[in-house]
Amino acid sequence: MFEWEINAQEGSARAGTFYTPHGALQTPIFAPVGTQATVKALTPAQVEELGAQLVLANTYHLFLRPGDELIAELGGLHSFMQWHKPILTDSGGFQVFSLTDTRKVDDDGVTFKSHIDGSTQRLTPEISIRIQENLGADIIMAFDECAIPTDYAYSKLAMQRTHAWAHRCQAAKTRSDQALFGIVQGGIFSDLRAESAQTLAALDFPGYAIGGLSVGESKADMLRTISEVNQILPENKPRYLMGVGTPQDLIEGVLRGVDIFDCVLPTRLARHNSAMTLTGRMNLMNAAYARDERPINPDCQCYTCQHFSRAYLRHLVNAKEMLAATLLSIHNLYTLVNLTQRMRQAILAGEMQRFAQETLAAIAASQTVEEEV
RNA sequence: GGACGGUUACCCAAGUGGACAACGGGGACUGACUGUAAAUCAGUUGGCAGAGGCCUUCGGAGGUUCGAAUCCUUCACCGUCCA
């Protein structure tokens, strides 16, 4: 179980297969985020139809509501949410970072105020693992501390804590049918990232995540950090870049050896009326689309683009109809999932460099146009 | 025919002598969003100029006043009631 094979490699880019109890992941992949055991606005059938192989859910949210023990009692997350392909649960570490005002971190763990009812809650590596074992995902994440990536002193402290917690997560883990991934931290600092990657590599996880990026640092720092970390992480394990991202980020990530991505962007943008394309975003609220009969992207094969005009989508968005969120979520997720599928094909065919160059050039060209306007 | 009440920007609606280009909603327009406290948040919404600024507005016309969306006269239209 949790065997990882590299099917093809071109430069640092890899096409691989990761075997889990709920099926094999053909990487590179983009995983839709379903924080509360649902990819917002979509049925599992729709998520599957657009080509997603893996869905992410969240420890913190499901622990607070409806409770991990309840989900275990009901047969686990797969059965509960009726998603029968692989699931990854995040450890709650990111909430430590994002719930800035209501948390207290110490070496043992984190005390939170619940965003739902204000009650005081506690997460530690052991509690996070217990929750994730109750949820029953195929891939579970070590409990980590994410920090503001440009603060050296704090990044170092958070990194050290993350390492100690990674040990404790391994020790607390009891199920053998779940793969526990370690998370590299260290902000944008080369020495910290190197230390973090080496320390975690020595712990021999079945997979590794790069955390703490795309949270405010520059794009150059993010890309440099990904390269540095992946040079150290073992090649014979999958690598997961957490919380990324945009089409450009996915291409740049794959070029630097990333296998798995997740991001809320496609589904959030969809609910906020924006359609993603490889070359930019389209705000469907804009009056310019009122009479536009074209699909969002004439080259897109998704359900939304195969059936609906920009004019109709603009109407749905404008009228605040729920279907707008569904159709835009399908399109946005398809765009990223399809991009990772095309990158896999390109790597298998030995054409990834060319594909990346062409696509990145098109993205750069569209951004230049926007700046001139 | 008479008595009251009303007419404010795209719509609803506050304002009853100076702090009013005019509260607040809605609508419209625009922007942001990267391991989801997010179907959210922010900005603009009389015209002109790169800000201070200038010009034109509160049903129409006229008047009082240093000054009017606010007071007076009159006309128009809408509503309720009495003949």
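We name chains A, B, ... by the order of the sequence lines, and we start the count at 1 in each one.
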Inter- and intrachain pairs under side chain to side chain donor-acceptor pair (under 3.5 Å), touching residues 43-54 of chain A, at least two apart: Thr43(A)-Gln46(A)
Ser196(A) versus His163(A), closest heavy-atom pair with distance: OG-NE2, 2.9 Å
Opposite nucleotide pairing with rA14(B), Watson-Crick or G-U, both atom distances under 3.5 Å: none
Phosphate-side-chain proximity, Asn283(A) and rA32(B), N/O vs OP1/OP2 below 4.0 Å: no
Distance flag, aromatic centroids of Phe63(A) and Tyr60(A), threshold under 6.0 Å: no
Sugar-phosphate, base or nothing in reach of Lys113(A), heavy atoms under 4.0 Å: nothing
Distance in angstrom units between Leu284(A) CG and rU30(B) P, rounded: 12 Å
Nucleotide forming a Watson-Crick or wobble pair with rG62(B), both distances under 3.5 Å: rC72(B)
Indicate every side-chain donor-acceptor pair of residues 320-328 of chain A with a distance under 3.5 Å to a residue at least two apart or in another chain.
from, atom 1, to, atom 2, distance (Å)
Thr326(A), OG1, Ala41(A), O, 2.9

Between rU8(B) and rC82(B) - C1' atom distance, rounded Å: 31 Å
Spacing between Asn318(A) atom CG and rA28(B) atom C1', to the nearest angstrom: 8 Å
Length of the line joining Met282(A):CE and rA32(B):C1', which is rounded to integer Å: 18 Å
Atom pair CD1/OG of Ile183(A) and Ser91(A) - distance to nearest 0.5 Å: 4.5 Å
Any-strand Watson-Crick or G-U partner of rG67(B), both distances under 3.5 Å: none
Atom pair distance, as rounded to whole Å: OH in Tyr289(A) and C1' in rU30(B): 12 Å
Residues that Val47(A) engages under side chain to side chain contact (heavy atoms under 4.5 Å, CB included), provided they are two or more places apart: Pro32(A), Val39(A), Leu42(A), Ala52(A), Val55(A), Trp83(A)
Pair partner, rA9(B) [Watson-Crick or wobble, under 3.5 Å]: none
P spacing across the pair rC71(B) / rC78(B), given as an integer number of angstrom: 23 Å
Partner residues of Arg294(A) under the side chain to side chain donor-acceptor pair (under 3.5 Å) criterion, sequence neighbours left out: Asp292(A)
Side-chain donor-acceptor distances from residues 66-77 of chain A under 3.5 Å, at least two apart:
from, atom 1, to, atom 2, distance (Å)
Asp68(A), OD2, Arg130(A), NH2, 3.4
Asp68(A), OD2, Asn134(A), ND2, 2.7

Nucleotide opposite rA28(B) in a Watson-Crick or G-U pair, distances under 3.5 Å: rU44(B)
Gap between atom CG of Asp138(A) and atom OG1 of Thr89(A) - 0.5 Å precision: 9.0 Å
C1' gap between rG18(B) and rG67(B), integer Å: 6 Å
rC29(B) OP1/OP2 closer than 4.0 Å to side-chain N/O of Asn286(A): no
Side-chain N or O of Arg314(A) closer than 4.0 Å to phosphate OP1/OP2 of rC29(B): yes
Nearest-angstrom distance, P atom, rG17(B) to rA13(B): 22 Å
Listed pairs under 3.5 Å, donor-acceptor, residues 197-206 of chain A side chains, sequence neighbours left out:
from, atom 1, to, atom 2, distance (Å)
Thr199(A), OG1, Glu195(A), O, 2.7
Asp204(A), OD1, Lys237(A), NZ, 2.8

Per-nucleotide protein contact string for nucleotides 35-41 of chain B, where B marks a base within reach and S marks sugar-phosphate only (heavy atoms under 4.0 Å, - for neither): BBBBSB-
Watson-Crick or G-U counterpart of rU80(B), or none if no pair lies under 3.5 Å: rA3(B)
Atom C1', compared across rG26(B) and rA14(B): separation rounded to whole Å: 15 Å
Near-strand residues of residues 150-174 of chain A, defined as heavy-atom separation under 4.0 angstrom from RNA chain B: none
C1' spacing across the pair rA68(B) / rC81(B), given as an integer number of angstrom: 32 Å
Spacing of the P atoms in rA3(B) and rC54(B) (rounded, Å): 46 Å
Strand partner of rC33(B), provided both Watson-Crick or wobble distances fall under 3.5 Å: none
Ring pair (Phe, Tyr, Trp, His ring centres under 6.0 Å): pairs with one or both residues in residues 327-368 of chain A, sequence neighbours excluded: none
Rounded P spacing from rU30(B) to rA21(B) in Å: 30 Å
